[in-house]
Number of protein chains: 2
Amino acid sequence: MCKYCIEEWHPAICANKINIKLKKGDILFKEGEPVEGIYFVYSGNIKVYKQWDNDKELIIRFAENGAILGHRGIGPNLNYPISAAALEPSVVCYISMKFFESTLKVNGELTYQLVNFFASELRKSERRMRDLAHMPVKGRVAGALIKLQKQFGTTPDGFINIVLSRQDLASFAGATYETVFRVINEMVQEQNIRLSGKSIAIVNQDALAALRQQGK
Amino acid sequence: MCKYCIEEWHPAICANKINIKLKKGDILFKEGEPVEGIYFVYSGNIKVYKQWDNDKELIIRFAENGAILGHRGIGPNLNYPISAAALEPSVVCYISMKFFESTLKVNGELTYQLVNFFASELRKSERRMRDLAHMPVKGRVAGALIKLQKQFGTTPDGFINIVLSRQDLASFAGATYETVFRVINEMVQEQNIRLSGKSIAIVNQDALAALRQQGK
DNA sequence: CGCCTGATTGAGGCAAATCAAGCTTCGTGG
DNA sequence: CCACGAAGCTTGATTTGCCTCAATCAGGCG
């Protein structure tokens, strides 16, 4: 059985899945490639990102633990609008888009769930658009940390439960890694966060949350 | 009959619609208000935007001619994540969210269409996130003009067929109006666009398109 | 006519990117 | 197991794109 991924969407799909193992750094699909299918993340952590300028990117989100992947590819004759790469060893389930779409056509409940999911994604996405347009970097980094903690939780000693390079944190916040580094340092000075190696713990959640309101 | 709006989504809904007339500047709903229903634009032009800082906003999109409005409010107990205001006299059809959701539950085809629509919105949205994060203002303005021309077409003499204040153009591009103004001037100098009052005509589409690739 | 909103233009400042250079970590292969 | 090179991290100096502020100007409208 497929406890973590497809089951919660629709058991019938489960029969048609294929598991794929990914090593750290493996690319599941790349922007521009024709859409073949849809994936569900069984274990691990996959970054979904959009490229700009060879060594610049924006991380859209992190997909783990049951998350659906490649759903933006629904529609006629599409290429993936984004890329997906494993941040750690991961396992994903693959379902051909053809099969997935035909399932949607006959299963209204599944489709309805998907509409709800999409609406929620759209809300997040549009909020983030505004933030990228108007919010200063410090607020965006604060927001990134809060979102990460919300998604991945904390270890017993309070650190956000994800291993992430500064590079990737920067891409998630939409800034350069030098700037993110400086901002992180400021936050440590202000006793709002705490570091241990590359791990980050939020000490003063309210202070970070306040940064996201700055000037709003 | 409701030729322009609901029919193409689902005729059955048509019976339950209520028409609402809006004057220029009227606000249909505001960020934070509880979601009551969903709208379809019958005629006119509605800007969908997200606020920041009292006199700063980001225009998400322009809804006209059959566009659905308020669909991000699908889900349990939500408040509108965005605001909607009429840019010109407009007519919209109102449908209660309750009714719309129950229609979705029994009408798989409609829901399936909605999923396709949402996936497309998500693709646009995520591309724009990246652009806001990494693309310089000039490229964003170029992109805004191209998108406007694509959506609204041109008048016989080649001008983009929409009346839009510089203010709103700036909010759409994600920049201040002063900056947008300067950029517009540059483009005129470079013979890439042409002005007539507030109307803008794209003279050299390729040059504008190239700006969107700058450094990519 | 005079007010008010939006357009236009200039000067100045600042946040963040870029550039540059040393340092640390990590993976790979000898 | 060590050596080496490549990535990534850290830090400072410099540049710059864009915003902010401020002032003037044009046009619509009561």
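Lettering follows sequence order; numbering is per chain, from 1. Just so you know, these numbers come straight off a predicted model, no measurement behind them.
Under the side chain to side chain donor-acceptor pair (under 3.5 Å) test applied with B/Glu57, the options B/Gln167, B/Lys47, B/Lys50 reduce to a single match, B/Lys47.
Judged purely by distance below 3.5 Å, without hydrogens or angles, the side chains of A/Thr176 and A/Thr179 pair a donor atom with an acceptor atom.
OP1 or OP2 of D/dC19 sits under 4.0 Å from a side-chain N or O of B/Thr179. Side-chain nitrogen and oxygen atoms of A/Thr176 include none within less than 4.0 Å of the OP1 or OP2 phosphate oxygen of C/dA16.
At whole-Å resolution of the value, NE2 in A/His134 and P in D/dC19 are 9 Å apart. Atoms CG (B/Leu211) and C1' (D/dG17) sit 15 Å apart, rounded to a whole Å. Atom CG of B/Asp168 and atom P of C/dG6 are 10 Å apart (whole Å). Rounding to whole angstrom units, CH2 of residue B/Trp52 and C1' of D/dC19 are separated by 15 Å. Counting to the nearest Å, the P atom of D/dC21 and the CG atom of B/Asp53 are 10 Å from each other. One atom, CG of A/Leu132, and another, C1' of C/dA16, lie 14 Å apart when rounded to the nearest Å. One interatomic measurement links the two molecules: CD of A/Gln167 to P of C/dT24, which rounds to 19 Å at whole-angstrom precision. Separating the NZ atom of A/Lys23 from the P atom of C/dG27 is a distance of 14 Å, rounded to the nearest angstrom.
Comparing C/dA17, D/dC9, C/dA7 by their nearest atom to the side chain of A/Ser165 picks out D/dC9. Comparing C/dA7, D/dT20, D/dG8 by their nearest atom to the side chain of B/Lys56 picks out D/dT20.
Judged as a ring-ring contact (aromatic ring centres under 6.0 Å, His included), and not counting sequence neighbours, the contacts of A/Tyr39 are A/Phe29, A/Tyr94.
The aromatic ring centres of B/Phe117 and A/Phe118 sit 6.0 Å or more apart. Residues A/Tyr49 and A/Phe172 place their aromatic rings such that the two centres sit no closer than 6.0 Å.
Between B/Leu122 atom CG and B/Met129 atom CE the span is 8.5 Å, to the nearest 0.5 Å. Between A/Glu121 atom CD and B/Glu126 atom CD the span is 7.0 Å, to the nearest 0.5 Å.
Summary of the strand contacts: A/Lys198 and B/Ala175 both lie near DNA chain D, and taking for each the nucleotide with the nearest heavy atom, the more 5' one is attributed to A/Lys198.
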Under 3.5 Å, which N/O atoms of the protein pair with N/O atoms of nucleotides 10-12 of chain D?
residue: D/dT11; atom: OP2; partner: A/Asn185; partner atom: ND2; Å: 3.4
residue: D/dG12; atom: N7; partner: A/Arg182; partner atom: NH1; Å: 3.2
residue: D/dG12; atom: O6; partner: A/Arg182; partner atom: NH2; Å: 3.3

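For the helix from C/dC1-D/dG30 to C/dG30-D/dC1, the end axes, each set by the C1' atoms of five terminal pairs, are bent relative to each other by 40° (nearest 10°).
Taking the charged nitrogens against the carboxylate oxygens, B/Glu31 and A/Arg130 do have a contact shorter than 4.0 Å, which makes a salt bridge. A salt bridge links A/Glu190 with A/Lys138; the closest basic N to acidic carboxylate O contact falls under 4.0 Å.
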